[in-house]
Amino acid sequence: MTPARLLVEERLAGRSYRFFETIPSTMDAAREWLADEAPNGAIVIAGTQTAGRGRLGRQWHNAGRSALALSVILTLSAEALHQVPMLGGLVVYDTLHHLKVPGLVLKWPNDILVGTRKISGVLVETAWDGSRLTGAILGIGLNISGGFNSPDIVETAISLADVLETAPDYGAVLSTLVGRLDDWLPALGTPQMYHAWRGRLNTIGLRVRVESSAVFEGIAEDTTESGALLVRADDGQLRTVLAGDVRLRSV
Ligand code: BTN
């Protein structure tokens, strides 16, 4: 089997990237490279992460070629920052759409599910020099094959190999994803990005349970241009959810 390093070399030739066979987290390596003047769009990619992290302080596991684990370094204006999670959601959603994954769901803010099980996650971190934004790091994890049948995650996680008759290999998934990154990166900071993300979001109109600083249920009515979710809570109040998790409920 071709090692991940060779597949990455083949698919990312001509780009600014750093590959690590094993690393704690691509987010930290990307942060170091950003401080060392990485170019916009540079990619840090790992075979295995030993301390991969997810949103809301969760862990993120991946090993070898069973999942993509990468971070994209973005040098951008503070005005465009709120669109980085949208960029992540769009890149992954369009990658999976291109690979003909059935039953795709983009759940606010940027979880990508197949049915009710998560196939990919997006994590955004920022870097500052005092009050000056120096950049953002867009982390993407995408499950390609195997390892999602253990009892603790069988209900919640899924991989490409579980949903496609012939799962594409690691190299093909990587080049599809960087192709979508090339498509969407120029739109960062424009209304086009917001509308594209909003158009793919499956959460609007559904009953949701919000788990953020407050926990409540209601109907997701809309989003704001900054990416917040507007939920009509059961007490009739329209509440703005800036961060957190939502669970989709059947109406
Ligand atoms: C989520 O909680 O849904 C986000 C998961 C993000 C995981 C990716 S894997 C590559 C990058 N490095 C990390 O440590 N996390 C992100």
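Values below: every heavy atom of this structure, side chains too, minus hydrogens, waters and symmetry copies. Just so you know, residue 1 is the first one in the sequence shown, and it goes up from there. One-based numbering, in listed order, for ligands and for the atoms of each. In this text the structure is predicted, and so the values were computed from the model without any measurement.
For the pair W108 (side chain) and G227 (backbone), a donor-acceptor distance under 3.5 Å is present. N40 places a side-chain N or O within donor-acceptor distance of the main-chain N or O of T75, the cut-off being under 3.5 Å.
Near G54, with a cut-off below 4.0 Å to any heavy atom, the atoms of ligand 1 are 1 (C), 2 (O), 4 (C), 5 (C). Listed by atom number, the atoms of ligand 1 under 4.0 Å from L70 heavy atoms are 10 (C), 11 (C). Residue G52 has at least one heavy-atom neighbour below 4.0 Å for each of these atoms of ligand 1: 14 (O). Per-residue contacts place S25 under 4.0 angstrom from the following atoms of ligand 1 (heavy atoms of the residue considered): 12 (N), 13 (C), 14 (O). Every atom of ligand 1 is numbered from 1 in the order shown, and the set under 4.0 Å from a heavy atom of W60 is 3 (O), 5 (C), 7 (C), 9 (S). For ligand 1, the atoms closer than 4.0 angstrom to any heavy atom of T26 are 10 (C), 11 (C), 12 (N). The V122 neighbourhood of ligand 1 comprises atoms 3 (O), 4 (C), with distances under 4.0 Å to a heavy atom of that residue.
For the pair R53 and D28, the salt-bridge criterion is met [side-chain N within less than 4.0 Å of a carboxylate O]. Note on R180 versus D94: no salt bridge recorded, every NZ/NE/NH1/NH2 to OD/OE distance being 4.0 Å or above. Residues D36 and R31 are not paired through a salt bridge, judged by the lack of any N-O separation under 4.0 Å between the basic side chain and the carboxylate. A salt bridge is absent between D111 and R117: the closest approach of a Lys/Arg side-chain nitrogen to an acidic carboxylate oxygen does not fall below 4.0 angstrom.
Remark: Q192 CD is loosely packed, at most 12 non-hydrogen atoms of other residues, nucleotides or ligands lying under 6.0 Å away.
Heavy atoms of K118 found under 4.0 angstrom from ligand 1 belong exclusively to the side chain.
If you check which protein heavy atom lies closest to atom 16 (C) of ligand 1, you get R53 O, 3.8 Å. Atom 9 (S) of ligand 1 has as its closest protein heavy atom Q49 NE2, 3.4 Å.
Looking at Q59, R58, R55 and measuring to atom 2 (O) of ligand 1, the nearest heavy atom belongs to R55.
Nearest heavy atom pair, residue S71 against residue A30, reads CB-CB, 3.9 Å.
For ligand 1, the polar-atom distance check finds no N/O of S71 at less than 3.5 Å from any of the ligand's N/O atoms.
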